[in-house]
A.B. asks: 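Let me begin by handing over the structure; questions about it come next.
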Amino acid sequence: MAICVQVREIDDAEGQRLLRIIRRGTGSVVTWRRAQMVLLSAQGMPLAKIAEVTFTSADRVRDVIHNFNADGFDSLYPKYKGGRPKTFTLPERREIKKIAKSKPVEHDLPFSTWSLSKLADFLVAEGVVDDISHEGLRILLHEEGVSFQRLKTWKTSRDPDYAAKKARVEHLYAITDGEVIPEEGEPEAIFCMDEFGPLNLMPHPGQLAERGGRHKDQGREPRRRRRATYNRYGGVRHLFAALDLAKDKLDGHIKPIKRRTQFLEFCRYLRTLYPPTVRIAIVCDNFSPHLTTKKCQRVGTWAAANNVEIAYTPTNSSWLNRIEAQFTALRYFTLDSTDHATHKEQGSMIRRYIIWRNHHADDRRLRTVVDRANVA
């Protein structure tokens with residue numbers, strides 16, 4: 001007598017997962033039918049009856065149950081294969097990718113950039129491949145992660161003290177991250193400080209709206225348009241902001257101008273956040289109001305008198321300042337799709353955002369924006 005084929009004993013979680021696949025009804029039909037066979041078997045239905053209900057053969061039901069017993073849920077999802085094998089070998093694909101990422105002038109060609117036709121002709125002429133179509137080349141480059149991209153500008157820091165400044169800033173970050181133990185006399189609290197602005201009273205793009213063209217609803221009202229701001233009589237404002245790395249807290253003051261007096265006012269505020277005996281460090285860039293010069297030594301004098309260290313990032317290296325990514329999030333959450341009529345209204349929204357951000361520092365979307373800005 002043939003042995004009765006039945007699915008292995010499944011637990012509640014597996015049963016719920018099978019039920020979700022069947023009820024959802026989306027995705028592959030093959031997956032849906034296989035899950036149905038397994039669930040019916042788990043419910044005690046004999047194999048012949050399952051074949052009758054699912055309009056298939058008993059051999060097919062038997063194979064599905066055997067595969068599920070051996071491989072679990074992976075057996076429910078079809079693994080489509082077939083078609084002709086890949087045209088190009090792995091060494092050929094690597095060479096194509098290498099040439100595509102190079103510049104035509106590096107190969108003595110009078111072109112500034114590749115096109116699909118130029119690249120295909122060059123690959124054949126150099127003997128990398130015997131033949132390749134434009135579409136095949138496009139698909140290959142897409143699979144290899146190569147695409148046409150706009151170049152971004154950047155500047156090389158020529159600061160003679162680049163290594164020392166960078167090392168000091170990274171050491172301060174290591175202290176607040178708990179990677180090193182601060183020595184006696186080193187800062188216990190570290191702020192990353194910078195200015196954000198100028199803040200103009202202007203409309204910013206980005207909003208949800210009904211689509212136009214031939215797909216639009218004929219009865220809907222006209223889409224809201226951006227206000228024309230040829231003349232801006234309200235002036236500008238500047239946000240002085242600082243990120244407390246230990247507490248992951250953002251603080252900010254909005255001021256009409258950003259000069260050394262306003263910078264020192266904000267630094268005095270940061271100093272009040274900790275007792276005078278706690279040494280603090282403020283990481284900032286080389287913007288002139290932040291510096292101690294021969295003509296004005298107020299910043300250095302104040303820092304020495306108040307147990308504060310001013311740590312400067314190297315020239316053209318403001319990316320080292322961790323607050324820059326916070327400004328990206330502030331612009332995304334607060335300024336995009338806005339058209340404030342007054343600076344009071346705009347400042348109120350920025351202050352409300354800072355309060356929200358400090359209470360939702362672990363917000364998933366906020367973290368995504370900040371992490372993306374840090375990588376960029």
Side-chain angles (χ1 to χ4, degrees), residues 189-210 221-274 280 282-285 287 289-290 318 321-374 376:
I190 293 93
F191 292 93
C192 288
M193 180 269 170
D194 201 3
E195 295 87 6
F196 178 74
L199 299 171
N200 286 292
L201 295 179
M202 59 179 290
H204 297 270
Q207 63 175 347
L208 291 175
E210 294 186 38
E221 297 181 356
R223 182 183 298 171
R224 182 168 63 89
R225 296 182 179 274
R226 294 173 60 186
R227 177 173 57 92
T229 54
Y230 304 110
N231 299 313
R232 299 172 187 167
Y233 301 109
V236 299
R237 298 293 185 272
H238 303 273
L239 174 66
F240 286 74
L243 178 66
D244 189 336
L245 298 182
K247 299 179 180 178
D248 194 11
K249 181 181 179 182
L250 188 66
D251 288 287
H253 291 173
I254 297 177
K255 299 182 181 295
I257 55 178
K258 52 176 184 179
R259 295 178 181 170
R260 190 169 283 108
T261 300
Q262 288 72 31
F263 170 69
L264 285 174
E265 288 177 357
F266 189 63
C267 289
R268 293 188 188 99
Y269 164 75
L270 297 179
R271 174 68 274 185
T272 63
L273 300 179
Y274 286 90
I280 69 172
I282 301 176
V283 178
C284 56
D285 57 23
F287 182 44
H290 304 165
S318 59
N321 198 331
R322 291 186 177 181
I323 199 174
E324 296 292 340
Q326 302 296 328
F327 289 156
T328 301
L330 186 149
R331 183 181 295 107
Y332 175 82
F333 285 100
T334 308
L335 296 182
D336 285 355
S337 187
T338 61
D339 185 9
H340 298 115
T342 63
H343 282 293
K344 182 178 180 181
E345 178 184 350
Q346 187 179 63
S348 175
M349 190 162 187
I350 292 175
R351 283 186 286 269
R352 288 164 53 201
Y353 163 77
I354 292 176
I355 295 173
W356 175 87
R357 184 255 174 231
N358 291 334
H359 285 87
H360 300 82
D362 295 327
D363 182 78
R364 182 181 62 83
R365 184 56 184 164
L366 175 64
R367 283 293 158 199
T368 301
V369 175
V370 172
D371 292 342
R372 186 188 302 125
N374 279 322

A.B. asks: Taking the six-membered ring of Y269 as reference, does the NZ or CZ atom of K255 fall below 6.0 Å from its centre and within a 45° cone about the axis?
C.D. replies: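 Judged by the rule, K255 and Y269 form no cation-pi pair.
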A.B. asks: Restricting to non-hydrogen atoms, name the atom on P289 and the atom on F263 that form the minimum distance, rounded to 0.1 Å.
C.D. replies: O-CD2, 3.5 Å
A.B. asks: Please identify each residue that fulfils side-chain contact (heavy atoms from CB on, under 4.5 Å) with L270, with sequence neighbours left out.
C.D. replies: F191, A242, F266, L273, I282
A.B. asks: Drop me the distance from H340's NE2 to N200's CG, to the nearest 0.5 angstrom.
C.D. replies: 13.0 Å
A.B. asks: With sequence neighbours excluded, tell me which residues meet salt bridge (charged side-chain N to carboxylate O under 4.0 Å, His left out) with R357.
C.D. replies: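 Applying salt bridge (charged side-chain N to carboxylate O under 4.0 Å, His left out) to R357 gives D248.
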A.B. asks: Could you give the distance from CD1 (I354) to OG1 (T334), rounded to the nearest 0.5 Å?
C.D. replies: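 Rounded to the nearest 0.5 Å, the CD1-OG1 separation comes to 8.0 Å.
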A.B. asks: Write down the atom of I254, the atom of G347, and the distance for their closest heavy-atom approach.
C.D. replies: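 Closest pair (atom of I254, atom of G347, distance): CD1-CA, 3.4 Å.
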A.B. asks: Decide yes or no for V283 and L245: does some side-chain heavy atom of the first lie under 4.5 Å from some side-chain heavy atom of the second?
C.D. replies: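 The answer is no; the side chains never approach within 4.5 Å.
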A.B. asks: Residues two or more places apart in sequence or in another chain: which of them pass side-chain contact (heavy atoms from CB on, under 4.5 Å) with K344?
C.D. replies: T342
A.B. asks: Determine the minimum heavy-atom distance between L330 and F196, stating which atoms define it.
C.D. replies: CD2-CE2, 3.6 Å
A.B. asks: Under the side-chain contact (heavy atoms from CB on, under 4.5 Å) rule, collect the residues that match up with H343, sequence neighbours excluded.
C.D. replies: L201, R237, Q346
A.B. asks: For H238, which residues count as a ring-ring contact (aromatic ring centres under 6.0 Å, His included) partner, sequence neighbours excluded?
C.D. replies: none
A.B. asks: Give a yes or no answer on whether the side chain of D285 reaches the backbone of F287 with a donor-acceptor pair at less than 3.5 Å.
C.D. replies: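 Flag set: sc D285 to bb F287 pair under 3.5 Å.
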A.B. asks: Quick check against the 3.5 Å criterion: does N321 have a side-chain atom that pairs as donor or acceptor with the backbone of M193?
C.D. replies: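 Yes.
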A.B. asks: Decide whether Y274 and D244 meet the rule of one side-chain donor and one side-chain acceptor closer than 3.5 Å.
C.D. replies: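 A donor-acceptor contact under 3.5 Å links the two side chains.
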A.B. asks: Under 4.5 Å between any side-chain heavy atoms of L239 and I350, yes or no?
C.D. replies: yes
A.B. asks: Who are the side-chain contact (heavy atoms from CB on, under 4.5 Å) partners of R268, not counting sequence neighbours?
C.D. replies: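 In terms of side-chain contact (heavy atoms from CB on, under 4.5 Å), with neighbours along the sequence ignored, R268 is linked to L264, E265, W302.
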A.B. asks: Just wondering, do I280 and R271 contact through their side chains at under 4.5 Å, heavy atoms?
C.D. replies: yes
A.B. asks: Quick check: do V236 and I257 have side-chain heavy atoms less than 4.5 Å from each other?
C.D. replies: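 No, their side chains stay 4.5 Å or more apart.
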A.B. asks: Check whether any side-chain heavy atom of C284 lies under 4.5 Å from a side-chain heavy atom of D194, and answer yes or no.
C.D. replies: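 No, side chains not in contact.
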